[in-house]
Amino acid sequence: MKNEKMYMHEVSGDVASLSDWESEFNSMDVESWFGKEESDCENLHWLNDAPWLIEVEQDKEGEWVEA
């Protein structure tokens with residue numbers, strides 16, 4: 001099984017796989033995801049333009065650290 005990239009939300013501290021975050025994005029409207037008016041979200045990418053999601057990996061002690 002291929003290791004999936006993991007991402008932490010910088011505010012909540014929630015950690016989820018890339019596919020889980022994408023599913024969450026797909027289950028909500030773009031205004032909620034980006035916190036902007038829909039017209040301001042037109043050309044935004046769900047991951048690349050979501051600076052609050054930080055790619056992480058577990059260190060030797062099992063703590064999440066920026067990858």
Side-chain angles (χ1 to χ4, degrees):
M1 183 169 131
K2 184 173 115 176
N3 286 345
E4 195 166 9
K5 289 184 179 180
M6 301 297 285
Y7 289 82
M8 176 184 288
H9 190 285
E10 72 176 7
V11 175
S12 70
D14 292 340
V15 175
S17 67
L18 190 62
S19 61
D20 288 340
W21 283 120
E22 186 174 20
S23 292
E24 185 162 333
F25 168 77
N26 289 329
S27 72
M28 59 189 349
D29 55 56
V30 293
E31 297 95 331
S32 296
W33 182 259
F34 290 110
K36 301 178 178 187
E37 296 293 322
E38 183 176 8
S39 61
D40 295 329
C41 300
E42 189 172 310
N43 294 313
L44 298 179
H45 182 269
W46 76 271
L47 177 62
N48 296 337
D49 296 311
W52 53 88
L53 290 179
I54 302 163
E55 187 176 347
V56 294
E57 60 190 11
Q58 286 188 309
D59 64 12
K60 293 177 184 176
E61 289 78 37
E63 297 293 320
W64 292 108
V65 296
E66 193 166 345

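Keep in mind that this is a model prediction, so the values were computed, not measured.
Interatomic distance, Lys36 NZ to Glu42 CD, rounded to the nearest 0.5 Å: 13.0 Å. Of the inter-residue distances, the one linking Leu44 atom CG with Trp33 atom CH2 reads 12.0 Å to the nearest 0.5 angstrom. From Leu18, atom CG reaches atom CH2 of Trp46 across 4.5 Å, with rounding to the nearest 0.5 Å.
For the side-chain hydrogen bond (donor to acceptor under 3.5 Å, both in side chains) test with Ser19, the passing option among Glu4, Glu24, Lys5 is Glu4; the others fail.
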Do any side-chain atoms of residues 50-61 form donor-acceptor pairs under 3.5 angstrom with protein atoms, and if so which ones, sequence neighbours left out?
unit_1	atom_1	unit_2	atom_2	d
Gln58	NE2	Gly62	O	3.2
Asp59	OD1	Glu61	N	3.0
Asp59	OD1	Gly62	N	3.0
Asp59	OD1	Glu63	N	2.8

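A continuous path of ILVMFWY side-chain contacts below 4.5 Å connects Met28 to Tyr7, so both sit in one hydrophobic cluster.
Glu22 is not listed as a side-chain neighbour of Leu47, based on a closest heavy-atom distance of 4.5 Å or more. Side-chain contact between Phe34 and Asp40 is absent, with no heavy atoms from C-beta onward closer than 4.5 Å.
Taking the six-membered ring where tryptophan is involved, the planes of Trp21 and His9 are tilted, since the angle between them lies from 30° to 60°.
Partners of Ser23 by side-chain hydrogen bond (donor to acceptor under 3.5 Å, both in side chains), not counting sequence neighbours: none found.
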